[in-house]
Each structure stands twice: as C-alpha cells, then as structure tokens.
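Here is the structure we will look at.
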Amino acid sequence: MTPADLAAAVLDAVRGAVEGGELRVDVPPEAVIERPKGREHGDYATNIALRLAKPAGRPPREVAEVIAVRLRQRAGVSAVEVAGPGFLNVTLDSAAQGALVESIVTAGSSYGHTTTLAGQRINLEFVSANPVGPLHVGQVRWAAVGDALARLLQANAAEVCREYYFNDAGSQIDRFGASLHALAHGRPVPEGGYKGDYVADVATAVVREHPEVMNLLDAEAGPVFARAGIDQMFAQVKASLARLGVQFDVFFNERDLHTSGRLTETVERLRAAGHVFEQDGAVWLRTTTFGDDKDRVIVRGDGTPTYFCADLAYYLDKRERGFDRVVIILGADHHGYVPRMRAMVRCLGEDPDQTLEIPIGQLVTVSGSKLSKRAGNLVTLDELVAAVGPDAARYAMARSSMDSTIDLNVDVWSSKTSDNPVFYVQYAHARIASLLRNAAELSIDRGEVAAADLSRLESEREGDLLRALGEFPRVVASAAELRAPHRIARYLEELAGTYHRFYDDCRILPRGDEEPTPETVPRLWLCEATRLVLANGLGLLGVSAPDRM
RNA sequence: GCGCCCGUAGCUCAGCGGAUAGAGCAGCUGCCUUCUAAGCAGUCGGUCGCAGGUUCGAGUCCUGCCGGGCGCACCA
C-alpha cells in the first residue's frame, strides 16, 4: 500500500462516516499522509481529524475516533491509533507495506512521476546571461536549478520549454563592440567599456577570423566587432553549458524582436490600452496604475526602445507561442524587476498571478583554497566545473533553497569523502549496484517481483526504508509545486542514510557457502527499488547515478 | 529612506501551522578474516536574532525592532 493508497483509504473512511451520519462535514479533496519521525507513531500519520474538527464542530480526538473505527476495517491496515491532539497513527501489515516494492519496480524509471501538472504549457527561462563575458558561478546556480526545475515540472506531466534569452542588442553590446574595436587596434578600452583578459582574447579571435575588420572606418567598425564578438561569446556560452550538461530548447535572440517589428507592435498595443504617455521626448508606460514605484520609460528620447520594451515584447511572444505560464528565474540582483514586470503585464491586460512567475535566487560566492586566490575576481563556470566536476557543481547549487545565499566551498565539493553530500548519495547507488552484481555472480535468481514474498520485509530498518521510498512521489510533486528542487536533494540524502542503516543491519546476500534465506530475494528487490528511486531522484537533478565508485 | 531575501547546534544548512526542532561536517567513544568503512552505532551540542500579537497549537503566519546580503536609471 502506497501513501497515496492510504490517503484514498482515509478519505473513504471519512466519506463512510459522513454517509453513515457519524460526521457532518464536507469530505475534503485530499488527505495528507505524513511519515512520522518516531516509530512509536506508527508507519504513517494523518492530521485529517485536526483539520476536520472545526468544520465538523467537534473535538479533534472525537473526529479521529470516528474515522479510526472505519479505517481499522481496511485490508492491509493492521492498527489505527488516535494520538496526541488528534492524529491518526496508522500501522500497516507487512504484506501491504512490502507491496510498495512491487509498485516501484513495476513503475521503474517513471516511479515518482505524477500527472498533477498535466496540460500545463510552461516556458521556463533561466541563465539568460549577456553575451559580453564568460558564464560565472552565479550562472551555474541558475543553470543547475533551472534545469532541475524543468525536469521536475516534466516529471509531473507539464510540457516545458527551456529557454535562454540572448541579449544581443542594446547599449551593452555597443560598448562591447567598441571595446573589442579599441583592443584590436591596440588602443585603450573606452570609458565604460569591458576589460579583462577574455575581452582581448575575443578581439584577437575576431581579427583572426575576419581580418578585413581592421580596414573598417572607426564609425562603422563597432557594430561589426560587436556582432563577431557576440558570435564568439555565444559559442563559449553554449560550450560551457554543455560541460555542465544543461541543454536549452530555445535560444531566443533579442535582436529578432527589434528587426521583426515586435517592439513597435508592443508599444502600439500598450498605447491602445491607454497606459502610455509622452514626456521629455520619451514614451512612458504608466505602471504606477498597477502598483509600481514609478512610471517606466519604454522608448527613450532618442527613439531607441528600453529593455523593458523588449522584455514585454518577449513576454507577449512567449504567450503567443502558446505558453500558459511564463517562468523566469532571476538572481537577487534583479529582484527589483519583479514588481515592474508584473505591473507591465497588467498594462497588457493580462493577470500576472495566472501567467507570470519570477522565482528569485540568492547569490553565490566561492571560497576554498583551490579558487580563493582569485578572490575579487569572478570565478567562471568553466573553472568551477574543472575544479569539482559537473555532478558536484550541479548538486551543490541545487541542494540549497533558492532563498539562501550559497558560499560554495570548492575544497568540500571536490573532495572524494563523506564531507561531500553528492558522494554520499552516489555512493549509496554504487553500493547497491555492486550488491546486485554480486547477487548475479552468486547466480541468485530474483525471479519476478510479483512472485517475491515481500511480506518478509518486516524488520524495523526495512520498514524505515519502505516508508522513505513511499514518500518519493509526494516529494517530487511538492518540489515541483513549490519550485524547490533542493527538496529532492535533501530527500535523497535522507534516503541514502536510511539505506545505509538498513544495509548495516540486514544481511542481504548469503555469506560463504551458506544457502540463501527466505529474506534474500525480498531484500534484493528492496535494494533494487531503492536503487531506482536514487537513480530517478539524481536524474531529476541532472546528476549521474554511477554503478561503480 | 523604500523594497526583496536571510538570521535555527562550534561550522554549512534542512524543516508545506502540528507530536520530544533535524541532517551533514567538526569533537569524543566504539564497529571491517564474509555484500563497497566514500559506511554504521553511540556521545557532545539549541533562549529557532529580540519583543509583542494571531490560535487548540508558531521555527513556520502578522507587526515592530536589531544584525547581514541584494536592489531602488531614458544600464540590463
């Protein structure tokens, strides 16, 4: 019996009590099943009686007792106890609990997937770094979290498009081009230009590939250098992302919005909606109507559109491509953008509560001896991946709540010891894989999972492991709903620990010349189920699940 | 000044209004002739920043303060 099955059973009990006239209350749409911390609170617990007490107008423990009577009659339920303020503590019989293993093994790589987001089309934008420099550690966080979130949403049946907004227009690009041009001619970088070794490298590469640019007049050289330099950077960005194993479905060029007339269309649409006014030669959007601190310029006095204008056109483009939700992951250094963007979307006549979501992630710093000598400089994605590898880089970024700043200690994440959480989890997977190989060598035939006597899995450690495995679908669904991939990582660490304790306590394979016991096959299936969940969870984070370490 | 985020064990951090607040690391004590010791068991460690409030119940929600991070452009 899975937790979901139990939830259904609890709701049946409530429904029965209502129909039998023992309770007067609306049957709730769902029951929350928790895994209690201590074994003395049963295998599973639900607080449904506490939640129904008020609407039913009766004390929680009384409500609990009514539900308990019916739940006790359920097949597979061996005991139901009313405890504390009104919790129902449920104990399953071992056959019902062991049956979970069969569910997991049968579902295989889809175990943990749900359909809670079926039908939703989500556009998920992340990273979107300007093409004027290499990706740095901060971008690793958005890449890791964004990709994990995409996988999570897909695991809950949403249709997801991973998108990267490539800012190849605007004043930063102009300055980038001017900087490259200056460096190519051995001149100093102009005021406000881009410095750093990489800029000179890009300039050199541009000249090497397009020698004719050296003959251009100063007036026309900037844009040519910019274009060529951006191509260079774009290739670098894609290569860096590939090193991390992050793939995008769409790289969207800002330039296309300018050349396709989408910007003027957007301005006209806003003007028609009556939210536009002109002042000091510029075109403004009256975002204060919808709670913004101040109104925003969308077309400058010199006739060029601001990035707000492009962002709005981009938003509309996504909506017109059929996405119901536009999700944009941003760093905390851009959080001021959120109220503005929401107000602007309202100006378009849309409801941002329904269509727009902007998760904000806090910033990343790097410490540890391997890279700290670069303190003050930006650490790049490539340097980080070279130092700790893609698995650790992704896991390190994905295991913290987006609300927490991360100080990434390179020494910890590059170590091959238990200090390093990603090794702890991967090790559990490798340990199981090894065990299963050994079983094969001993010619132990697991047979069909349906034929295994899973009711044999009745020791305390086995029960702990079964309950942990049963929680996985709920963890996946809530992590997706809360946009919190780190919950997957934390769950995996806990599951790995639970497995190690089981492993330590329960002998699985026969030793020496002993014969297999009746526990051998059921335990092997339990191991296989655990391996599947670890692999599925690591897969959601984009981290490998090695068979050997 | 205004806004967003954070403040939980020595350190790094989990904790979807529920039961006695957890994990890893660090410290101390044990466990490998047999399935990966990259593991396990035990032990030490807390005024959940402070003060009020909401309620059957607050680390979690609200208000105010203190401390830290990040923002408040005709830059992106």
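All values derive from a computational prediction rather than experimental measurement. Sequence lines set the chain letters: A, B, ... in the order given, protein chains first and strands last, and positions in each chain run from 1.
- Residue A:S401 places its side chain closer to B:A14 than to any other of B:U36, B:C35, B:A14.
- The side chain of A:S478 sits closest to B:C16 out of B:U36, B:A19, B:C16.
- Contact check, A:N438 against B:U36: a side-chain N or O comes under 4.0 Å of OP1 or OP2.
- Candidate nucleotides B:A38, B:A14, B:G69 were compared by shortest atom distance to the side chain of A:Q362, and B:G69 ranks first.
- Note on A:D280: a base of the nucleic acid sits closer than 4.0 angstrom, heavy atoms only.
- Applying the 90° cutoff around 0 to the glycosidic angle, B:C50 is assigned anti.
- Across the strands present, B:G10 finds its partner in B:C25; the criterion is a Watson-Crick or G-U wobble pair with both atom distances under 3.5 angstrom.
- Donor-acceptor pairing under 3.5 Å, judged by distance alone, is absent between the side chain of A:H486 and the base of B:A14.
- Counting non-hydrogen atoms under 4.0 angstrom, A:A430 reaches a base of the nucleic acid.
- For the OP1/OP2 pair of B:G17 and a distance below 4.0 Å, the side-chain nitrogens and oxygens of A:K54 include no atom meeting the criterion.
- Between A:Y424 and B:C40 there is a side-chain N or O to OP1 or OP2 distance below 4.0 Å.
- The side chain of A:H335 has B:C70 as its nearest neighbour among B:G15, B:C70, B:U36.
- Side-chain atoms of A:Y307 and A:Q172 form no donor-acceptor pair, as typed in the model, at a separation below 3.5 Å.
- Nucleotide B:G71 has B:C2 as its partner under the Watson-Crick or G-U criteria, with both atom distances under 3.5 Å.
- Nucleotide B:U33: unpaired (no Watson-Crick or G-U wobble partner with both distances less than 3.5 Å).
- Taking only side-chain nitrogens and oxygens, A:R296 never comes nearer than 4.0 Å to OP1 or OP2 of B:C74.
- A:R342 places its CZ atom 20 Å from the P atom of B:C72, with the value rounded to the nearest Å.
- A:S434 comes within contact range of at least one nucleobase, with a heavy-atom separation under 4.0 Å.
- Among the atoms of the strands shown, none is found under 4.0 Å from any heavy atom of A:G170.
- Between the side chains of A:T91 and A:D43, no donor-acceptor pair is found at a separation under 3.5 Å.
- Remark: the separation of the P atoms in B:A51 and B:U43 is 31 Å, to the nearest Å.
- Remark: P of B:G57 and CZ of A:F87 are 14 Å apart, rounded to the nearest angstrom.
- In summary, the side chains of A:R346 and A:H275 do not present any donor paired with an acceptor at a separation below 3.5 Å, with no hydrogens or angles considered.
- When only modelled atom types and interatomic distance are considered, A:T498 and A:D464 share no side-chain donor-acceptor pair under 3.5 Å.
- Look at CG on A:N420: it is 16 Å from C1' on B:A26, rounded to the nearest Å.
- Regarding contacts with the backbone of B:A38, every side-chain N or O of A:H500 stays at 4.0 angstrom or more from both OP1 and OP2.
- At a threshold of 4.0 angstrom between heavy atoms, the contacts of A:E40 include nucleobase atoms, whether or not backbone atoms are also involved.
- The A:H41 side chain lies nearest to B:A19 when the options are B:A19, B:A14, B:G39.
- Across all strands shown, B:U47 remains unpaired; no Watson-Crick or G-U wobble contact has both distances below 3.5 Å.
- For the pair A:L50 CG and B:A19 P, the interatomic distance rounds to 11 Å; values are reported in whole Å.
- Taking every side-chain heavy atom of A:Y503 into account, B:C35 is the closest of B:A73, B:C35, B:C70.
- Across B:U36, B:C70, B:A19, the shortest atom-to-atom separation from the side chain of A:A45 is found for B:A19.
- Nearer the 5' end of RNA chain B, as judged by each residue's closest nucleotide, is the contact made by A:T46, out of A:T46 and A:D293.
- Residue contacts shown for A:L482 are absent, as no nucleic acid heavy atom lies under 4.0 Å away.
- Side-chain atoms of A:N89 and base atoms of B:A19 include a donor and an acceptor less than 3.5 Å apart.
- The listed nucleotides are B:C74, B:G39, B:G17; the one nearest the side chain of A:R431 is B:G39.
- Nearest to the side-chain atoms of A:W284 among the listed nucleotides B:C74, B:A76, B:A19 stands B:C74.
- A:R61 comes within 4.0 angstrom of nothing in the nucleic acid, heavy atoms only.
- Side chain of A:H429 to backbone of A:V425: no donor-acceptor contact under 3.5 angstrom is found.
- Across all strands shown, B:U60 remains unpaired; no Watson-Crick or G-U wobble contact has both distances below 3.5 Å.
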Show the numbers, then the answer: is there a side-chain contact (heavy atoms from CB on, under 4.5 Å) between A:H486 and A:M402? CA-CA 8 Å; A:H486 75 279; A:M402 282 209 279; over 6 Å; no

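- Nearest nucleotide to the A:S171 side chain, out of B:A76, B:C6, B:C40: B:A76.
- In this structure, CG of A:L363 is placed 7 Å from P of B:G71, rounded to the nearest angstrom.
- In this structure B:U55 sits in no base pair that meets the Watson-Crick or G-U test at under 3.5 Å.
- For B:A37 and B:U55, the C1' atoms lie 50 Å apart once the distance is rounded to whole Å.
- Heavy-atom nearest nucleotides on RNA chain B were determined for A:E514 and for A:D407, and the one closer to the 5' end corresponds to A:D407.
- With contacts defined as side-chain heavy-atom distances shorter than 4.5 Å, the pair A:H335/A:L330 does not qualify.
- With C1' as the reference atom, B:C44 and B:C5 are 33 Å apart, rounded to whole Å.
- Side chains of A:H136 and A:Q139: a donor on one and an acceptor on the other come within 3.5 Å.
- Between A:R487 and the phosphate of B:C16, there is a side-chain N or O to OP1/OP2 separation shorter than 4.0 Å.
- Here B:C72 presents its P atom at 9 Å from NE2 of A:H334, a figure rounded to the nearest Å.
- When side chains are defined from C-beta on, A:P359 counts as touching A:V327, because their heavy atoms get closer than 4.5 Å.
- If you measure from atom CZ of A:R511 to atom C1' of B:C32, you get 12 Å, rounded to the nearest angstrom.
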